[in-house]
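Data first, discussion second: the structure below is written as structure tokens.
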Amino acid sequence: MIKLLLISMGLFPVLIFGIKAEADSLKKYHLHPVRVVAEGAQSSIGAVQSVLRPPNLETLSETVKNAPGISVTYGSRDESNLRIRGFRKNENLVLIDGRPLNSGYFGNVDISKILADNIAEIRIVKGPASALYGTSTMGGVVNIITQKEDHLVSLESRISRNLVNSQRLSSSRGFGGFRYKLSLMRDERRPFPLSQRFKPTVFENGKLRDHFYQESWHADLGLDFILADIHEIGFNAGFSRIPYKEIPSSLYSWDYGIYRDWYRANAGISFDYYSTVNSNLRGQLYFDAAGDTFERFRDPGHQQQELSSRMESINIGFAPAYELRNKGILTSGSRMEFRKVKRKDNNNYQEWTGNHAFVGNVFSQYERPLGERYTLSASLGLAFFGHSKSEHTRLYPEPSVAISLEHNDGGSTMLSTGINSAVPTMRQLFSAENGNPSLKASSAWKSEISHKRSLSRYSIVDISLFYNDVKNLIDRQVDQYQNIYQVQTYGTEIALNGKLAKFWDSTLQYSWLECLGDYSLSDSAPHSVEFMNGIDLPKSWGASLGLIWKSDRKSQDGVGIFRDLPQYHVLNAGVSKEIRNLELNLEFSNILDSNYQSEYGYPAPGRDVSLRLKYTLR
């Protein structure tokens, strides 16, 4: 593997300096469905990968899982687990329009609950992240940019062979200096068919996945006001509820879960005030709340209960920033959050037990062009956290720097390095079973070089090389969480985007990820390939075709033992059509009916077909 890295580094300068491309060719090409844009270092430090949502995908998890270096799996609580270049779910930051989502007690944002239809773009930072995003960005940042299109009413329905059906009603309009956005959704999921190649176990008989059911409701409201034709203030609120959800057992154990009275609620106010032509003050005040009752049984009939636990949490945050533009751009500000959880169950928490933490950072960042082709950006943040079981507040510096070069032929190169940290989760700090209030934040020194270059008028190559040096990584040792691992990861990601014909866009992506030391990366394949195609058909029909391959990989079981999972491949296809106000999407998933496990003990669905209809009155 070291040889592969050396070969990649050897090819890198050849690709940068040895290939001639037509002028402005990058500006003329539209990628499908993933493109890498070297946005200004002022907003990211590291390179930004921008994922454009294909029209036939429903949730955020389905949209991002095929991006290079990204892994989305489903495990013990039937929640999506996002990993970025091997970093775990609680080490990544997920935002919607710049506002962090509540990661709750376990530190996980379930991105399968975020609807893709309301998303215009997803911006992913996998290298060093700017201090502008706040703390807990050690793994990376996923920033979801919502749509702002006008429609009087939109009615959408989706059904699938895998017994999923959903309905959504939305409206979004602008009137002068005022805009509103409203959406309501119902989603129902029943036991899905497993692959016909699935071999039954003692705990799963095959055919339909046992003990799987969910009905959920979701509502969103957004209001935006333009004041004096320049200032902006916005209000948003959302509420999700799952009255009852059945969670399937692992293939290798009796472990059946149920969620009751699951909810997530959020509200926020954002503002952008221009004090002068060259300066503005912006910020967000936000509130998140979450609650659920989780029950675990040793039998599918729910007679042998092991655990009944009620969890409630809140998160209150404030993130002001002041930006001054002169010869460069200077941005200073902070992000502060108060997090509180309380828990009651029939084991270690017989009475309501609460704890809280205070997490945040202060930062300053400056970006300035150096001549006509170079841009330098430097960021310095000071992250901090304290909690109810410690009298001390821990401080962590987070410096980062990036330099970007715009080539004469329209290509670009960016070199970035910096330190990002991840504070312990509320569970790692406070759990009665294995919590440790003395934990320190994990941190990673991350370095990345990325290059984008046109190979011809209709093709682009994107290459990234990265190296991460991780300190104080948190994991369980015996019966307690500890800062026990020092880990180095490295790899490369290559994407070749091109037109095979005037009507055929194609993207071929390869990712390679390696880890040094005595630590194993869980559920992150060392090698992966994605071949994605978009085809324009006659009479305004469109088609998509995607082939995904993941190599052998490690996956932790329920007691922390690493298991081997074999390689697998998945073939997906779809067709779409717009007829006036009606959109039709027909999606064929896992066409070859591949039998594989998303995580150890949790099989993925077999062959599926789904139909999505959307009527929009503008």
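- A donor-acceptor pair shorter than 3.5 Å cannot be found between the side chains of Glu323 and Tyr274.
- Shortest non-hydrogen contact noted between Ser334 and Phe363 is N-CE2, 3.4 Å.
- For Tyr180, the OH atom is densely surrounded, since the number of other residues' heavy atoms within 6.0 Å is greater than 12.
- Salt bridge Glu79/Arg77: absent, no basic N to carboxylate O contact under 4.0 Å.
- At least one donor-acceptor pair closer than 3.5 Å links the side chain of Glu398 to the backbone N or O of Ser421.
- Among all heavy-atom pairs drawn from Asp523 and Ser598, the shortest one is OD1-O, 3.9 Å.
- Salt-bridge formation is not detected for the pair Arg168/Asp187: no Lys NZ or Arg NE/NH1/NH2 atom is positioned less than 4.0 Å from an Asp or Glu carboxylate oxygen.
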- request: Verify side-chain contact (heavy atoms from CB on, under 4.5 Å) between Tyr105 and Ser431, making sure each step is shown before the conclusion.
  value: CA-CA 9 Å; Tyr105 181 74; Ser431 169; 3.5 Å; yes
- request: Apply side-chain contact (heavy atoms from CB on, under 4.5 Å) to Ile84 and Val142, showing your working.
  value: CA-CA 10 Å; Ile84 301 177; Val142 177; 4.0 Å; yes
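- Under 3.5 Å, the side chains of Asn361 and Thr135 contain no donor-acceptor pair of N or O atoms.
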message: Go through it in stages, so that I can follow the logic: the residues are Leu227 and Ile233, the test is side-chain contact (heavy atoms from CB on, under 4.5 Å), and I'd like the CA-CA distance, side-chain angles, deciding distance and then a yes or no.
response: CA-CA 8 Å; Leu227 307 177; Ile233 186 169; 4.2 Å; yes
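- In terms of modelled atom types and a separation under 3.5 Å, the side chain of Ser442 and the main chain of Asn472 share a donor-acceptor contact.
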task: Under the side-chain hydrogen bond (donor to acceptor under 3.5 Å, both in side chains) rule, what do Asn81 and Arg88 come out as? Steps first, then yes or no, please.
output: CA-CA 8 Å; Asn81 297 316; Arg88 299 167 297 185; over 6 Å; no
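- With hydrogens and angles disregarded, a donor-acceptor distance shorter than 3.5 Å links the side chain of Asn436 to the backbone of Tyr481.
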- request: Applying side-chain hydrogen bond (donor to acceptor under 3.5 Å, both in side chains), run through Thr417 and Ser447 and close with a yes or a no.
  value: CA-CA 4 Å; Thr417 186; Ser447 299; 3.0 Å; yes
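- A donor atom on one side chain and an acceptor atom on the other are found under 3.5 Å apart for Gln365 and Ser379.
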field: Derivation and outcome, side-chain contact (heavy atoms from CB on, under 4.5 Å), residues Ser240 and Trp262
entry: CA-CA 8 Å; Ser240 300; Trp262 183 103; 3.9 Å; yes
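- The aromatic rings of Phe430 and His387 lie perpendicular to each other, with more than 60° between the two planes, well past the 30° mark.
- Using a cut-off of 4.0 Å between Lys/Arg side-chain N and Asp/Glu carboxylate O, Glu448 and Lys126 are scored as not salt-bridged.
- For the pair Arg553 and Glu599, the salt-bridge criterion is not met [side-chain N within less than 4.0 Å of a carboxylate O].
- With rounding to the nearest 0.5 angstrom, the CD atom of Glu232 is 12.0 Å from the CZ atom of Arg282.
- By the 30° and 60° cut-offs, the orientation of the rings of His451 relative to His407 is perpendicular.
- The only member of Leu281, Val277, Thr276 that meets side chain to side chain contact (heavy atoms under 4.5 Å, CB included) when paired with Ser279 is Thr276.
- Taking the six-membered ring where the residue is Trp, the centroids of Tyr490 and Trp512 are separated by under 6.0 Å.
- Using the six-membered ring where Trp is involved, Phe178 and Phe225 have ring planes that are tilted, between 30° and 60° apart.
- Listed for the Asn143 side chain is no donor-acceptor partner under 3.5 Å among the backbone atoms of Leu93.
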